[in-house]
Amino acid sequence: MRIVIQRVSSADVSIEQKIVGQIDQGLLLLVGIGPDDREEDLAYACRKILNMRIFSDTDGKMNLSVKDINGSILSISQFTLYAETKKGNRPAFTAAAKPELAKKFYQAFNQELAKEVPVQTGVFGADMKVSLINDGPVTICLDTKQP
């Protein structure tokens with residue numbers, strides 16, 4: 001799994017100008033699923049994301065997790081995180097999981113996160129518009145194959 005984690009003041013996702021997911025303070029996740037991702041990758045990613053201390057405490061230090069601040073997560077499927085760009089000018093996406101596998105894995109990932117914090121999502125495979133106010137900015141890349 002490849003996940004871009006962004007600390008946000010707010011974020012939303014819309015399809016055809018209709019908002020389908022929206023959060024206030026929390027995390028925006030852009031989630032890519034690889035063909036060899038397993039249950040261990042899902043568990044590792046959820047544990048890291050839910051406990052990552054990237055929100056400021058009263059002293060202004062990044063010392064709190066999304067759970068600590070009672071934040072939410074907006075999770076967006078993003079197969080383009082597996083883009084291969086070494087040859088030519090058009091990215092190849094053959095390193096991403098096939099849609100059937102990726103959708104099931106993505107849904108399981110969101111269900112696991114939702115056990116601990118509120119989770120909103122986009123629509124898997126849809127053409128979406130994502131808006132956010134990046135807080136900090138704080139943006140972190142997580143790759144479960146490089147823990």
Side-chain angles (χ1 to χ4, degrees), residues 1-56 62 64-69 71-147:
M1 295 178 73
R2 292 181 183 166
I3 304 167
V4 175
I5 303 162
Q6 295 183 300
R7 185 177 79 180
V8 298
S9 298
S10 63
D12 65 63
V13 59
S14 58
I15 299 171
E16 297 179 358
Q17 301 176 344
K18 180 179 186 278
I19 293 176
V20 296
Q22 183 174 13
I23 65 167
D24 290 319
Q25 186 179 30
L27 299 174
L28 170 68
L29 306 179
L30 303 176
V31 183
I33 309 299
D36 58 347
D37 285 336
R38 303 286 177 258
E39 182 67 32
E40 304 83 49
D41 297 286
L42 187 146
Y44 174 78
C46 288
R47 185 174 64 253
K48 290 302 269 187
I49 291 164
L50 291 168
N51 296 299
M52 192 173 288
R53 299 184 321 177
I54 58 174
F55 292 90
S56 299
M62 287 198 291
L64 302 174
S65 71
V66 68
K67 294 188 307 185
D68 295 331
I69 65 153
S72 301
I73 291 175
L74 177 58
S75 176
I76 307 295
S77 61
Q78 187 80 32
F79 75 94
T80 60
L81 292 175
Y82 279 90
E84 295 176 358
T85 59
K86 290 188 179 188
K87 293 183 180 179
N89 294 319
R90 181 181 300 167
F93 302 106
T94 56
K98 300 286 184 219
E100 310 79 44
L101 171 66
K103 184 175 183 178
K104 287 179 187 175
F105 205 87
Y106 172 70
Q107 290 172 335
F109 171 71
N110 292 326
Q111 289 169 356
E112 194 63 28
L113 290 171
K115 291 178 181 177
E116 302 214 31
V117 297
V119 174
Q120 294 280 308
T121 66
V123 175
F124 186 90
D127 183 15
M128 299 174 275
K129 306 294 184 222
V130 180
S131 299
L132 69 136
I133 298 176
N134 193 321
D135 181 16
V138 174
T139 302
I140 297 169
C141 298
L142 176 67
D143 187 332
T144 61
K145 300 305 184 200
Q146 298 175 354

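Just so you know, residue 1 is the first one in the sequence shown, and it goes up from there.
M128 contributes atom CE, which lies 4.0 Å from atom OG of S77 (distance to the nearest 0.5 angstrom). Atom CG of residue L29 and atom CD1 of residue I49 lie 5.0 Å apart, to the nearest 0.5 angstrom. Expressed to the nearest 0.5 Å, how far CD1 of I3 lies from SG of C46 amounts to 7.5 Å. Of the inter-residue distances, the one linking R2 atom CZ with T144 atom OG1 reads 9.5 Å to the nearest 0.5 angstrom. Rounded to the nearest 0.5 angstrom, I140 CD1 and K48 NZ are separated by 10.0 Å. In this structure, D41 CG and R38 CZ are separated by 8.0 Å, a value rounded to the nearest 0.5 Å.
Checked by atom type and distance alone, the side chain of S14 never pairs as donor or acceptor with a backbone atom of Q17 at under 3.5 Å.
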### Task
Verify side chain to side chain contact (heavy atoms under 4.5 Å, CB included) between E39 and L42, making sure each step is shown before the conclusion.
CA-CA 5 Å; E39 182 67 32; L42 187 146; 4.1 Å; yes
Contacts table for residues 109-124: side-chain donor-acceptor under 3.5 angstrom, sequence neighbours left out:
| unit_1 | atom_1 | unit_2 | atom_2 | d |
| --- | --- | --- | --- | --- |
| N110 | OD1 | S75 | OG | 2.7 |
| N110 | ND2 | Y106 | O | 3.2 |
| E112 | OE1 | K115 | NZ | 3.1 |
| E116 | OE1 | K67 | NZ | 3.1 |

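Under the side-chain contact (heavy atoms from CB on, under 4.5 Å) rule, M1 has a single partner from L142, V31, L81, which is V31. Put simply, the residue from V8, L132, D12, L28 that forms a side-chain contact (heavy atoms from CB on, under 4.5 Å) with I23 is V8.
The nearest pair of heavy atoms linking P35 to A95 is CD-O, 3.0 Å. What you find for S56 and L64 is that their closest heavy atoms are O-CD1, 3.3 Å. Of all heavy-atom pairs between V66 and G26, the closest is CG2-CA, 4.2 Å.
Each side-chain hydrogen bond (donor to acceptor under 3.5 Å, both in side chains) pair with one or both residues in residues 81-96, not counting sequence neighbours, would appear here, but there are none. Each ring pair (Phe, Tyr, Trp, His ring centres under 6.0 Å) pair with one or both residues in residues 4-43, not counting sequence neighbours, would appear here, but there are none. For residues 20-32, there are no side-chain hydrogen bond (donor to acceptor under 3.5 Å, both in side chains) pairs, not counting sequence neighbours.
In this structure the side chain of M52 reaches within 4.5 angstrom of the side chain of I5, judged on heavy atoms. I33 places none of its side-chain heavy atoms less than 4.5 Å from the side chain of F79.
For K129, there are no side chain to side chain donor-acceptor pair (under 3.5 Å) partners, not counting sequence neighbours. Considering only residues two or more places apart in sequence or on other chains, D37 meets the salt bridge (charged side-chain N to carboxylate O under 4.0 Å, His left out) condition with K145.
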